Amino acid sequence: MRRHRRIRAKVSGTAVCPRLSVFRSNRFISAQLIDDEKAATLASASSVSLKGSSAEKAKTVGLTIAKKAQEKKIEKAIFDRGGYLYAGAIKALADGAREGGLKF
């Protein structure tokens with residue numbers, strides 16, 4: 001929790017460049033684009049209905065969130081890994097989002 005608070009103290013999103021927040025549970029992974037100035041979620045994606053390994057599901061979630069961001073004309077985001085290590089599913093989600101056209 002301390003690691004998450006330390007990251008959140010430095011990372012904040014706006015309407016032009018929202019925060020790409022990642023949450024990982026033991027079974028699923030989800031991502032949200034958040035405008036912290038208005039405290040509003042702009043787009044979200046989850047792996048609840050997906051099949052495959054955790055890395056495959058994470059990459060699909062990354063591609064989905066990038067597609068939703070492009071629909072809302074969002075090109076840049078700030079990556080908030082939520083205190084998780086940048087490896088495995090978190091890295092796969094970030095790579096998928098970059099592949100989908102999101103820059104961070």
Side-chain angles (χ1 to χ4, degrees):
M1 289 190 58
R2 279 187 287 154
R3 184 172 42 221
H4 182 70
R5 275 185 280 158
R6 185 174 62 239
I7 291 167
R8 281 291 296 123
K10 299 173 187 172
V11 176
S12 181
T14 63
V16 176
C17 187
R19 175 170 55 101
L20 176 59
S21 176
V22 176
F23 173 75
R24 187 194 68 182
S25 70
N26 287 335
R27 293 175 63 192
F28 305 114
I29 190 162
S30 62
Q32 296 181 35
L33 286 171
I34 301 171
D35 177 3
D36 288 314
E37 292 175 342
K38 295 180 183 171
T41 298
L42 305 174
S44 64
S46 178
S47 68
V48 173
S49 63
L50 300 174
K51 301 279 186 206
S53 70
S54 62
E56 291 169 356
K57 289 191 281 187
K59 186 166 188 169
T60 306
V61 169
L63 288 168
T64 305
I65 198 75
K67 181 181 173 189
K68 288 182 179 183
Q70 285 183 341
E71 289 172 3
K72 294 189 181 265
K73 296 185 174 43
I74 298 170
E75 297 177 1
K76 291 175 63 177
I78 298 171
F79 191 68
D80 176 11
R81 58 189 174 87
Y84 305 110
L85 293 176
Y86 187 80
I90 304 297
K91 185 175 188 297
L93 189 142
D95 291 342
R98 282 190 191 102
E99 244 179 66
L102 205 55
K103 295 180 181 134
F104 48 86

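Keep in mind the model is a prediction, meaning the values are calculated, not measured.
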N/O donor-acceptor pair under 3.5 Å between Arg19 side chain and Ser12 backbone: no

Nearest heavy atoms of Leu33 and Pro18, plus distance in Å: CD2-CG, 4.0 Å

Any donor-acceptor N/O pair, Ser47 side chain to Leu50 backbone, under 3.5 Å: no

Side chain to side chain contact (heavy atoms under 4.5 Å, CB included) between Leu102 and Lys76, worked out: CA-CA 6 Å; Leu102 205 55; Lys76 291 175 63 177; over 6 Å; no

Which atom of Asp80 lies closest to which atom of Arg8, heavy atoms considered: OD2-CD, 3.4 Å

Exam field: side chain Lys91 to backbone Leu85, donor-acceptor pair closer than 3.5 Å: no

For Ala45 against Ile65, the heavy-atom pair lying closest together: N-CD1, 3.9 Å

Exam field: side chain Lys67 to backbone Gly100, donor-acceptor pair closer than 3.5 Å: no

For the student: nearest non-hydrogen atoms of Leu20 and Ala31, plus distance: CD1-CB, 4.0 Å

Heavy atoms from other residues, nucleotides or ligands near CD of Gln70 exceed 12 (cutoff 6.0 Å): yes

Minimum heavy-atom distance Ala97-Phe104, with the two atoms named: CB-CE2, 3.9 Å

Salt bridge Lys51-Glu56, side-chain N to carboxylate O under 4.0 Å: no

Sidechain-backbone polar pair: Tyr84 side chain, Arg24 backbone, donor-acceptor under 3.5 Å: yes

